[in-house]
Amino acid sequence: MCGIVGYTGPKEATPLLLEGLKRLEYRGYDSAGLAVLTNGHVELRRSVGKLANLDTLLKKEPLKGTVGLGHTRWATHGRPSEENAHPHTDCSKKLVVIHNGIIENYVELKGKLMDKGHVFASETDTEIVAHLIEDKLSGLSKGGAPFAPDFREPMLFEAVRQALAEVRGAYALAILWSDAPGTLIAAKTASPLVVGLGKDETFLASDVPAFLDHTRKVVFLEDGEMAVISSKGVSFFNLDGKKVEKTPITIQWDRTMAEKGGYRHFMLKEIHEQPIAVEDTLRGRLFPLRDGVLEKEAGLSKEAMLAISNIQIVACGTAFHAGLVAKYWLESIARIPTQVETASEFRYREPILSANTLCISVSQSGETADTLAAVRLAKQLGVKILSVCNTVGAAIPRAADYNLYTLCGPECGVASTKAFVGQLVALATLTLHLAIARGKLDEKEAMALVDEMLRLPNLIRAALKLDGQMREISKKYFKAEHFLYIGRNVNYPTALEGALKLKEISYIHAEGYAAGEMKHGPIALIDPDVPVVAIATQSKTFEKVLSNIEEARARGAILIAIVNEGETRLDGKADHILRLPVVSEFLSPIVNVVPLQLLAYHMADLRGCDVDQPRNLAKSVTVE
């Protein structure tokens, strides 16, 4: 959510900043801006809408200089407008700030600053940070509070540190001051920031792809840390001004992995990348089954697995749906009581967790604000955390005791596809190892599941062959206003995920239901203009699903049925039948979700929607 880039070095900053912002477009935004130090003073360019608008402005009014900041904004405080776009300045116009997150006490701080004569030009919470730093600089220049013990210069560092002592909320901040040329100050609490270390140049960003063409050597800031950045390198400090030693890591994937590769949209590319994502996530995790694979991969020992009394899963959105599937698996196969809750609800009640609870957090980005807060709450309650995440070094994996990465590569489309399948595969692998360690599966049963898991990439490839059929179906119904999705057991969450995909990228109202609940209210919504997508693959509740389909059919619904190859009982009853390879019910959500993703994609494309950057949404939700 929102994009931050910064640069200091020998090169022209504007092209690098603009390039970095383009790499971060997947995060979602509604305005953009740059600030560059030009001939000793800071100049701004800001625009509403896509980066193309900012690019056009920069061609008319170029910015020259080797130090600068760039930002794409997703509106929280104040409408999308040029005045509300970042960067924001202080009264002197010498200092600029860009910010991701929310300053919770901005109204109080703004009132105090206005009483001191500060004049504000925007509706944002961010602008108060610029004026607050300006206020601290004024005090320091008059001989105010002493400098931080481990860093006395530049004065900007101390002013930022003092300002942040008064700020409450979530923030990733970057600051540029014309009186400290060549230096950027960064600070983070709850929103991601990463520093890229190049040769005689240093980068700053909210996510690695922004500068990956230039360096793979990175350092992630932790909550409560600051960075003083120059072309010569970077120094790290805590908010008390004490120096912090940090070790760079090397990113193993490159930017080409995030290019479209000839596909019309990132989402379509990522749907078709799912076989590879599954292969990578499975690799090395199924053999041997009894010899410490999870301890090696995730740090989870057999002793720790045996000690688990119950599991609490916390997640948001698509990751929450993956957690719901995992609940069925963990209870039916590993026989561990499991609860799943949206992280935003979990964090605001008073959960009861035992010492032997394992809390599993699921997040593609590893920076989801509500999930991170839920993890911190669980840690305060004394339980162990296992993170299922796609981003090495993100905040949630750093906070977790155990990490099981999904190895899907970068996912640029806002609507998650391959990350969801990767989460399911990782959670299925976890379930398998827990069941074996706890004696709930014998070797023969376990190997039967392993054999099926190894077939998953080819099963998904077979499901992808429905692409053309899904587009033809979409041509018939892309003008529909409502869709219903139904499924049972492990495919109830699959129905929820299918409905979410449709609504978030095509803006069609869609709902997912447990099929057995149709007659308890939702059946009133069915009429001949409402398509019903029924997940009716082989399961222990198959006959029940057939009955639910008949209920919808009797009321004139348009029926789109997903069945297994060889299934004929819906022939002549459904308007459209999509046939998938036979797979066990246990693994069926991983295959069944593929045609639902394709349906959502083609519906959105035919409606002319911005598939990769749907309105009002962001890839990484780093505010509440």
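Sequence positions, counted from 1, serve as the residue numbers for this chain.
- Gln162 contributes atom CD, which lies 12.0 Å from atom CG of Leu239 (distance to the nearest 0.5 angstrom).
- With hydrogens and angles ignored, the 3.5 Å screen pairs a side-chain donor or acceptor of Asn238 with a backbone N or O of Lys242.
- A salt bridge is defined here as a Lys NZ or Arg NE, NH1 or NH2 lying under 4.0 Å from an Asp or Glu carboxylate O, and Arg23 with Asp213 meets this definition.
- With sequence neighbours left out, Thr247 forms a side-chain contact (heavy atoms from CB on, under 4.5 Å) with no residue at all.
- Between the CD1 atom in Ile175 and the NE2 atom in His88 there is a gap of 13.5 Å [rounded to 0.5 Å].
- Between the Asp612 side chain and the Phe266 main chain, a donor and an acceptor come within less than 3.5 Å of each other.
- The backbone N or O of Ala85 sits less than 3.5 Å from a side-chain atom of Arg46, completing a donor-acceptor pair.
- A distance-only check finds a donor-acceptor pair linking the side chain of Asn390 to the backbone of Cys408 [under 3.5 Å].
- A salt bridge links Arg349 to Glu341: one of the charged nitrogens lies within less than 4.0 Å of a carboxylate oxygen.
- With Phe346 as the fixed residue, the side chain to side chain contact (heavy atoms under 4.5 Å, CB included) test singles out one of Leu377, Val375, Asp370: Leu377.
- Residues Ser81 and Asn84 bring a donor and an acceptor atom of their side chains to less than 3.5 Å of each other.
- Thr342 contributes no side-chain N or O that, together with a main-chain N or O of Ser344, makes up a donor-acceptor pair within less than 3.5 Å.
- Atom CZ of Arg168 and atom CD of Glu108 lie 5.5 Å apart (nearest 0.5 Å).
- Residues meeting the salt bridge (Lys or Arg N to Asp or Glu O under 4.0 Å) test with Lys243, sequence neighbours left out: none.
- A donor-acceptor contact closer than 3.5 angstrom links the side chains of Ser363 and Thr368.
- Looking at Lys384 and Thr357, their side chains never bring a donor and an acceptor atom within 3.5 Å of each other.
- Using a distance-only test at 3.5 Å, with no hydrogens or angles considered, no donor-acceptor pair links the side chain of Asp207 to the main chain of Pro209.
- For the pair His99 (side chain) and Ala172 (backbone), a donor-acceptor distance under 3.5 Å is absent.
- Ring centroids of His131 and Phe120 are separated by less than 6.0 Å, placing the two rings close together.
- Considering only residues two or more places apart in sequence or on other chains, Asn403 meets the side-chain contact (heavy atoms from CB on, under 4.5 Å) condition with Ser387, Pro397, Ala400, Tyr405.
- With a 6.0 Å radius and a threshold of 12 heavy atoms from other residues, nucleotides or ligands, Lys503 has its NZ atom above the threshold.
- Every ring-ring contact (aromatic ring centres under 6.0 Å, His included) that Phe237 has, sequence neighbours left out, goes to Phe151, Phe157.
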Does the pair Lys50 and Asp610 meet the rule for a salt bridge (charged side-chain N to carboxylate O under 4.0 Å, His left out), with working shown? CA-CA 12 Å; Lys50 296 298 183 183; Asp610 190 341; 3.4 Å; yes
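- Put simply, the side chain of Ser47 gets close to the backbone of Leu54: a donor and an acceptor are under 3.5 Å apart.
- Atoms CD and CG, on Glu127 and Leu132 in that order, are 12.0 Å from each other to the nearest 0.5 Å.
- Side chains of Ser122 and Thr124: a donor on one and an acceptor on the other come within 3.5 Å.
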Side-chain donor-acceptor pairs under 3.5 Å in residues 2-17, sequence neighbours left out?
from  : atom 1 : to     : atom 2 : distance (Å)
Tyr7  : OH     : Lys11  : N      : 3.2
Tyr7  : OH     : Glu201 : OE1    : 2.7
Thr8  : OG1    : Gly182 : O      : 3.2
Lys11 : NZ     : Glu201 : OE2    : 3.4
Glu12 : OE1    : Gly65  : N      : 3.0
Thr14 : OG1    : Leu63  : O      : 2.9

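- The main-chain N or O of Lys232 is never found under 3.5 Å from a side-chain atom of Thr202 such that the two would form a donor-acceptor pair.
- Put simply, the residue from Glu497, Glu270, Glu411, Gln364 that forms a side-chain hydrogen bond (donor to acceptor under 3.5 Å, both in side chains) with Ser416 is Glu411.
- In the model, His214 has a side-chain atom that pairs as donor or acceptor with a side-chain atom of Glu19 under 3.5 Å.
- By the side-chain contact (heavy atoms from CB on, under 4.5 Å) test, Thr38 is found to be paired with Val36, Glu43, residues two or more places apart in sequence or in another chain being considered.
- A donor-acceptor distance shorter than 3.5 angstrom exists from the side chain of Arg45 to the backbone of Glu61, with no hydrogens or angles considered.
- For CG of Asp115, the number of neighbouring non-hydrogen atoms (other residues, nucleotides, ligands) closer than 6.0 Å is greater than 12.
- At a threshold of 4.0 Å, the pair Glu225-Lys188 does not count as salt-bridged, since none of the basic side-chain nitrogens sits closer than that to a carboxylate oxygen.
- How far CG of Leu109 is from CD of Glu166: 6.5 Å, rounded to the nearest 0.5 Å.
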Is there a side-chain contact (heavy atoms from CB on, under 4.5 Å) between Ile360 and Leu430? Walk through the geometry before answering. CA-CA 11 Å; Ile360 300 176; Leu430 174 66; 3.7 Å; yes
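- Side-chain contact, His71 with Asn100: a donor N or O sits under 3.5 Å from an acceptor N or O.
- The CG atom of Leu173 sits 6.0 Å away from atom CG of Leu164, with the distance rounded to the nearest 0.5 Å.
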